[in-house]
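Reading through the structure tokens given below for one structure.
Here the structure is a predicted model, which is why all the values come from computation and not from measurement. First listed ligand is number 1; within each ligand, the first listed atom is number 1. Along the sequence shown, residues are numbered consecutively beginning with 1.
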Amino acid sequence: MKYKSQKVAYWFFALSMLLLTLQIVYGFIMGFARIGMDGLHEFIPFNTARAVHTNLLVVWLLSGFMGAAYYIIPEEAQRELVSVKLAYVQLISLALVGVAAIVGFHLNIWEGRKFLEIPHQLDYLVVANVLLFLALILLTLFRGKRKTTTALVLTMGLLFAALLYLPGMLPFDSQVTDSFFRWWVVHLWVEGVWELIMGGILAFLLIKLTGVDREVIEKWLYVIVGLTFLSGVLGTGHHYYYIGVNKIWLVVGGIFSALEPLAFLAMALFAVNMYRKGEKKHPNKIALFWTLGAAIVSFVGAGLLGFAHTLPQTNLYTHGTLVTAMHAHLAFWGAYAMIVFAIISYSLPNMTGRKLYDGARGRLAFWTTNIGMIGMTMAFGVAGVAQVYLERKYKLDFMEVQNEVSIHFVVLLLCASLFAFGIIMYIIDFVKHGRPTDEALEIIEND
Ligand code: HEM
Ligand code: HEM
Ligand SMILES: [Fe+2]
């Protein structure tokens, strides 16, 4: 069953693609700066480019998650969204807050806290925006005909993500306390509540694409939620090793964060098993590629590459180096970017009525983005390990080391070009699908 109000999702996805494109532009600005081609330095110095790159990432992913919720919740709750008009108001205000923040960064209006650079005045607008979003989603869910586990996990993830934004808004004079609470946002988002959002979207897609019984799929979802909280909450300690808090965190952080890959492993096993079990041959293969891909690549990027530097003995040397950037790229890509690509690939044909899936371009986009991103991860990794040895072990000067590793950024840029090519292919398909139509959403499918 489809609902006309689901088409709101399309515009959130469109905003998402637009901001992703911009994010990549700033990635290239940084990549070129790293090999000495820093012509834009006067207008966009490296630190500005970095803040824009990472904040755009967060906003395009959130826009993708919101689009996913506007698509999934009506279908799961079996009713139209409570207000389409307000959803568009929310979309426009989200875009405005994003643009204001980015413009601000270029004018040097920002806070020097990685990932939370948005100035605190704008934070209140973010809160208002997210409250409106949550009100629309929660009202739709509770006035709906059914409350499925999938919908509840997705909504819980979104609700907790909003609540966890608040500790990042508290002002502290102490650098230590500030850092302590910054991780409640950054860590508990990506290694906690965002995993619930991912799990919810993943479950929805697997139900639709494999045809396996909802009961079976939702049982797995409980396992994933359990493992996530068991490991992820105290796993926050892997950011507290050497920031000036109690040494107990070396033990707590080490043990619990080492368990975190289990939640990602469970997600990968879950997706692959459901795919094997599924008898339904859903025609939308490319959505299935992205869905299984997200589950598998997130295990590699977040689980394995996260584990690679999570023990205190290792983190002592790798902290804040390009090893972190290596892990960050593949983790964000696998877990959150790919799941957004999956829900877009699944929902677009349903909203537009154009069954464009399975074309060569879609498959090309899948493979080139993934191979490009794996290459980028390796380039960051090699540069990172070299940096750790030269800077942390042999005590060479920071800038001298950055110069030594710059050759790896040539490789990075080559791989990034392949990646960007794939993104362009994906966006061409997105545009070719055209706008959503009411007729497409009136077709009643038996899925
Ligand atoms: C053409 C593509 C891209 C290029 C050339 C690129 C390049 C870079 C560079 C040079 C940095 C700064 C590393 C440093 O501190 O020296 C960076 C940071 C970062 N990028 Fe990208 N990037 C690209 C795409 C992406 C994508 C698609 C994602 C997410 C899926 C992403 C996520 C991040 C994150 C999370 C950071 C911060 C890492 C940290 O905190 O250490 N980037 N990127
Ligand atoms: C999808 C899930 C994940 C994403 C998107 C992600 C992303 C990131 C990012 C962006 C950073 C840099 C943060 C900053 O410096 O502000 C980071 C740091 C870190 N991550 Fe992850 N991560 C994920 C999962 C994991 C997991 C499961 C582990 C452990 C098994 C892990 C271990 C670490 C460690 C130890 C650091 C600190 C690096 C340092 O000291 O510089 N991550 N992660
Ligand atoms: Fe973490």
Exercise for review: Within a distance under 4.0 Å of any heavy atom of Ile24, pick out the atoms of ligand 1 and give their elements.
Suggested key: 1 (C)

Point to revise | Other residues, nucleotides, ligands: >12 heavy atoms within 6.0 Å of Phe229 CZ | key: yes

Review point. Please walk me through it: do Glu76 and Arg214 pass salt bridge (Lys or Arg N to Asp or Glu O under 4.0 Å)?
Key: CA-CA 11 Å; Glu76 288 288 295; Arg214 178 182 286 277; 2.8 Å; yes

Check your understanding: Heavy atoms only: which of Arg113, Lys114, His187 is nearest to atom 15 (O) of ligand 2?
Key -> Lys114

Study note, to complete from the structure: Looking only at non-hydrogen atoms, the one of Leu330, Thr54, Thr324 nearest atom 37 (C) of ligand 1 is Thr54

Check your understanding: Where atom 21 (Fe) of ligand 1 is the corner point, what angle links NE2 of His329 with NE2 of His53, to 10°?
Key -> 170°

Practice item. State, to 0.1 Å, how close Arg392 and His319 come at their nearest heavy-atom pair, and which atoms those are. Key: NH1-O, 2.8 Å

Check your understanding: Nearest protein heavy-atom contact for atom 10 (C) of ligand 1: which residue, which atom, what distance?
Key -> Met30 CB, 3.6 Å

**Study point:** Contacting atoms of ligand 2, where contact means under 4.0 angstrom from a heavy atom of Ala328
**Key:** 9 (C), 10 (C)

Check your understanding: What angle sits at the Fe ion (ligand 3) between NE2 of His238 and NE2 of His239, to 10°?
Key -> 90°

Check your understanding: Which of the atoms of ligand 1 are close to Met373, meaning less than 4.0 Å from one of its heavy atoms?
Key -> 26 (C), 27 (C)

Study note, to complete from the structure: A student checking ligand 2 against Glu191 at a 4.0 Å heavy-atom cut-off should list atoms 21 (Fe), 22 (N), 23 (C), 24 (C), 25 (C), 26 (C), 28 (C), 31 (C), 42 (N)

Revision key, fill the gap. Closest heavy-atom approach to atom 27 (C) of ligand 2 among His309, Met198, Glu260 is made by Glu260

Practice item. Only heavy atoms count here, so choose which of Phe409, Phe332, Tyr336 is nearest to atom 35 (C) of ligand 1. Key: Phe332

Review point. Starting from atom 40 (O) of ligand 2, which protein heavy atom do you reach first, and at what distance in Å?
Key: His319 ND1, 2.5 Å

Exercise for review: Report, rounded to 10°, the angle at the Fe ion (ligand 3) between the two atoms OE2 (Glu191) and ND1 (His187).
Suggested key: 90°

Exercise for review: Could you walk me through whether Thr321 and Glu391 pass the side chain to side chain donor-acceptor pair (under 3.5 Å) test, one step at a time?
Suggested key: CA-CA 10 Å; Thr321 62; Glu391 184 191 320; over 6 Å; no

Exercise for review: Could you list which atoms of ligand 2 come closer than 4.0 Å to a heavy atom of Pro261?
Suggested key: 30 (C)

Point to revise | Element-labelled atoms of ligand 2 that are located less than 4.0 Å from some non-hydrogen atom of Ala335 | key: 1 (C)

Exercise for review: Of the side chain and backbone of Ser257, name the one, both, or neither that has a heavy atom under 4.0 Å from an atom of ligand 2.
Suggested key: backbone

**Study point:** Distance flag, aromatic centroids of Tyr165 and Trp184, threshold under 6.0 Å
**Key:** no

Check your understanding: For atom 2 (C) of ligand 2, which of Gly306, Ala302, Ala308 has the closest heavy atom?
Key -> Ala302

Practice item. Starting from atom 20 (N) of ligand 2, find the nearest protein heavy-atom neighbour and note its residue, name and distance. Key: His327 NE2, 2.9 Å

Check your understanding: Among protein heavy atoms, which lies nearest atom 7 (C) of ligand 1, and at what distance?
Key -> Gly27 O, 3.8 Å

Study note, to complete from the structure: closest protein heavy atom to atom 26 (C) of ligand 1 is Gln23 NE2, 3.5 Å

Practice item. May I ask which of Asn47, Val190, Val25, Leu57 has a heavy atom nearer to atom 29 (C) of ligand 1 than the others do? Key: Leu57

Check your understanding: Would you say Arg50 and ligand 1 have an N/O pair spaced under 3.5 Å apart?
Key -> yes

Revision key, fill the gap. For Leu322, the ligand 1 atoms with a heavy-atom partner under 4.0 Å come out as 14 (C), 16 (O)

Study note, to complete from the structure: A student checking ligand 2 against Phe307 at a 4.0 Å heavy-atom cut-off should list atoms 29 (C), 30 (C)

Practice item. Using a strict 4.0 Å cut-off to heavy atoms of Trp183, name the atoms of ligand 2 that fall inside it. Key: 13 (C), 14 (C), 15 (O), 16 (O)

Practice item. Tell me which part of Phe46 gets within contact of ligand 1: side chain, backbone, both or neither, using heavy atoms under 4.0 Å. Key: side chain

Check your understanding: What residue among Phe289, Trp333, Tyr336, Phe13 forms ring pair (Phe, Tyr, Trp, His ring centres under 6.0 Å) with Phe341?
Key -> Trp333

Check your understanding: To the nearest 0.1 Å, how far is atom 18 (C) of ligand 2 from its closest protein heavy atom, and which atom is that?
Key -> His239 CE1, 3.8 Å

Review point. Counting only heavy atoms, which portion of Trp194 has something under 4.0 Å from ligand 2: side chain, backbone, both, or neither?
Key: neither

**Study point:** Neighbour count above 12 (heavy atom, 6.0 Å) for Tyr124 OH
**Key:** no

Practice item. Could you see which bit of Thr321 sits under 4.0 Å from ligand 2, with heavy atoms only: side chain, backbone, both or neither? Key: neither

Revision key, fill the gap. of all protein heavy atoms, closest to atom 3 (C) of ligand 1 is Met376 CE, 3.4 Å

Check your understanding: Hey, do the aromatic rings of Trp290 and Phe366 have their centres closer than 6.0 Å?
Key -> yes

Check your understanding: N/O of Gly320 under 3.5 Å from N/O of ligand 2, yes or no?
Key -> yes

Practice item. Provide the number and element of each atom of ligand 1 under 4.0 Å from a heavy atom of Arg34. Key: 14 (C), 16 (O)

Exercise for review: Could you walk me through whether Glu117 and Arg50 pass salt bridge (Lys or Arg N to Asp or Glu O under 4.0 Å), step by step?
Suggested key: CA-CA 10 Å; Glu117 285 96 345; Arg50 203 180 196 287; over 6 Å; no

Practice item. Pull out every atom of ligand 1 sitting under 4.0 Å from any heavy atom of Phe419, numbered as shown with elements. Key: 27 (C)

Review point. In the protein, what heavy atom is nearest to atom 32 (C) of ligand 2, and what distance, to one decimal place, separates them?
Key: His238 CE1, 3.1 Å

**Study point:** More than 12 heavy atoms of other groups within 6.0 Å of Phe46 CZ
**Key:** yes

Review point. Between Tyr26 and His106, is the gap from one ring center to the other below 6.0 Å?
Key: yes

Check your understanding: Would Phe380 count as a contact of ligand 1 if the rule is a heavy atom under 4.0 Å away?
Key -> yes

Check your understanding: What is the nearest protein non-hydrogen atom to atom 4 (C) of ligand 2, stated with its residue, atom name and distance?
Key -> Ala331 CB, 3.5 Å

Point to revise | For Arg182, the ligand 2 atoms whose distance to one of its heavy atoms is below 4.0 Å | key: 14 (C), 16 (O)

